[in-house]
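A quick write-up on the structure given underneath.
Just so we're clear, the structure is a prediction, and the values are computed from it rather than from any experiment. What's counted below: heavy atoms across the whole structure, side chains too, no hydrogens, waters or symmetry copies.
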Amino acid sequence: MNTQSFVTSDQVNLNYLEAGSGAPLVMLPGWSQTAEQYKFQIETLSANYRCLALDMRGHGASDKPEHGYSIHRLAKDVHEFLTELKLENVTLLGWSMGCSIIWAYWELFGAERLAKLVLVDETPCIAINPAWSPEELAIAGGVLPAETIAELCNALASPDGEAARVNLVSSMLTPNCPAELKQWILACNAQLPLKQAATLLYNHCHQDWRSIIPCINIPALVIGGRISLVPWRSMEWIANQIPNARLEIFEANEGGQHFLFLENPQKLNRLVVEFIG
């Protein structure tokens, strides 16, 4: 696995990991996560594909500028990354916020350079609108009221922000998650400065992708967790919007919480190989 970097149009150096050869599989981490956290995917899937995992700006080993912490800027970074490396017919895999980056990419660039999508455990809209009907809430998969999101982001930006981050990330793991794995996840998260973490999370939570997702017209694998904080029925709705999409739900005994790609990498890797071919 090689560590490399490229420079964005606004002069931000982004780190990425690469291994293997063949059809390109580009993996986008979630909020506060790192490219390194796809190590179980890279180790296995690089036997079949050219695997690349990108540290978004502020995350992991990438530069940590004061600007650019919005979903659409991150999507532009991904487009510049694919363009710089001359990647075509890409399978783009996003987990959590990585899905939001994919949806913003689609809004800006459509299917340019893409062949397939893997969408792992992300709701179409995190912030709850109190005017939604029960059906709208189920579709949107709203997780938190707007005032709670503001409180969380303010807590992240406060002097006690690290405790807020630990509590948030810990809520995304099953009780069976090994302590060593949890500590490693938290250490990876700590590489995103808390001020930028709060700014990005606020922007991320207030996006609504329900009008964009039905526009997707390339093959998609949609994966959720039965006991994830992301309601699995919203993942079902996403799969129903994309023609011939495949839906897979990890059950509770399969690590079916938000970090399912780390708690059960074997199943996720198998699904990806079956999907890409």
Of Gln41, Glu43, Glu274, the one forming a side-chain hydrogen bond (donor to acceptor under 3.5 Å, both in side chains) with Asn269 is Gln41
Parallel, tilted or perpendicular, judged at 30° and 60°: which one describes the rings of His206 and Tyr202?
tilted
For Ala131 and Glu136 the tightest heavy-atom approach is O-OE1, 4.2 Å
(Q) Would you say that more than 12 heavy atoms from the other residues, nucleotides or ligands in this model lie under 6.0 Å from the CZ of Arg233, or not? (A) no
Minimal heavy-atom distance between Leu74 and Met97, with the atoms involved, is CD1-CE, 3.8 Å
Heavy-atom count check: over 12 atoms from other residues, nucleotides or ligands less than 6.0 Å from Tyr16 OH? yes
For this session: Starting from the C-alpha separation in whole Å, work towards a yes-or-no answer on side chain to side chain donor-acceptor pair (under 3.5 Å) for Glu263 and Thr174.
Result: CA-CA 8 Å; Glu263 294 208 54; Thr174 70; 2.6 Å; yes
Requested in this report: Check step by step if salt bridge (charged side-chain N to carboxylate O under 4.0 Å, His left out) holds for Glu254 and Arg226.
Outcome: CA-CA 9 Å; Glu254 296 178 310; Arg226 189 73 70 187; over 6 Å; no
request  = Using a strict 4.0 Å threshold on nitrogen-to-oxygen distance, state whether Glu80 and Arg73 make a salt bridge.
outcome  = yes
Inset, instruction - Mark yes when over 12 heavy atoms from residues, nucleotides or ligands other than Glu147 sit less than 6.0 Å from its CD; otherwise mark no. - result: yes
message: Students often mix this up, so state it plainly: with edges at 30° and 60°, are the rings of His258 and Trp95 parallel, tilted or perpendicular?
response: tilted
Give the C-alpha distance, both sets of side-chain angles, the deciding distance and a yes or no for side-chain contact (heavy atoms from CB on, under 4.5 Å) between Lys39 and Trp184. CA-CA 12 Å; Lys39 66 178 184 179; Trp184 176 67; 3.8 Å; yes
Item to check | Side chain Lys116, main chain Phe275, donor-acceptor under 3.5 Å | outcome: yes
_Under a 3.5 Å threshold, yes or no: a donor from one side chain and an acceptor from the other, between His72 and Glu107?_
yes
- prompt: Stepwise, does the ring-ring contact (aromatic ring centres under 6.0 Å, His included) test hold for Phe261 with Tyr38?
  reply: CA-CA 8 Å; Phe261 75 106; Tyr38 281 120; 5.2 Å; yes
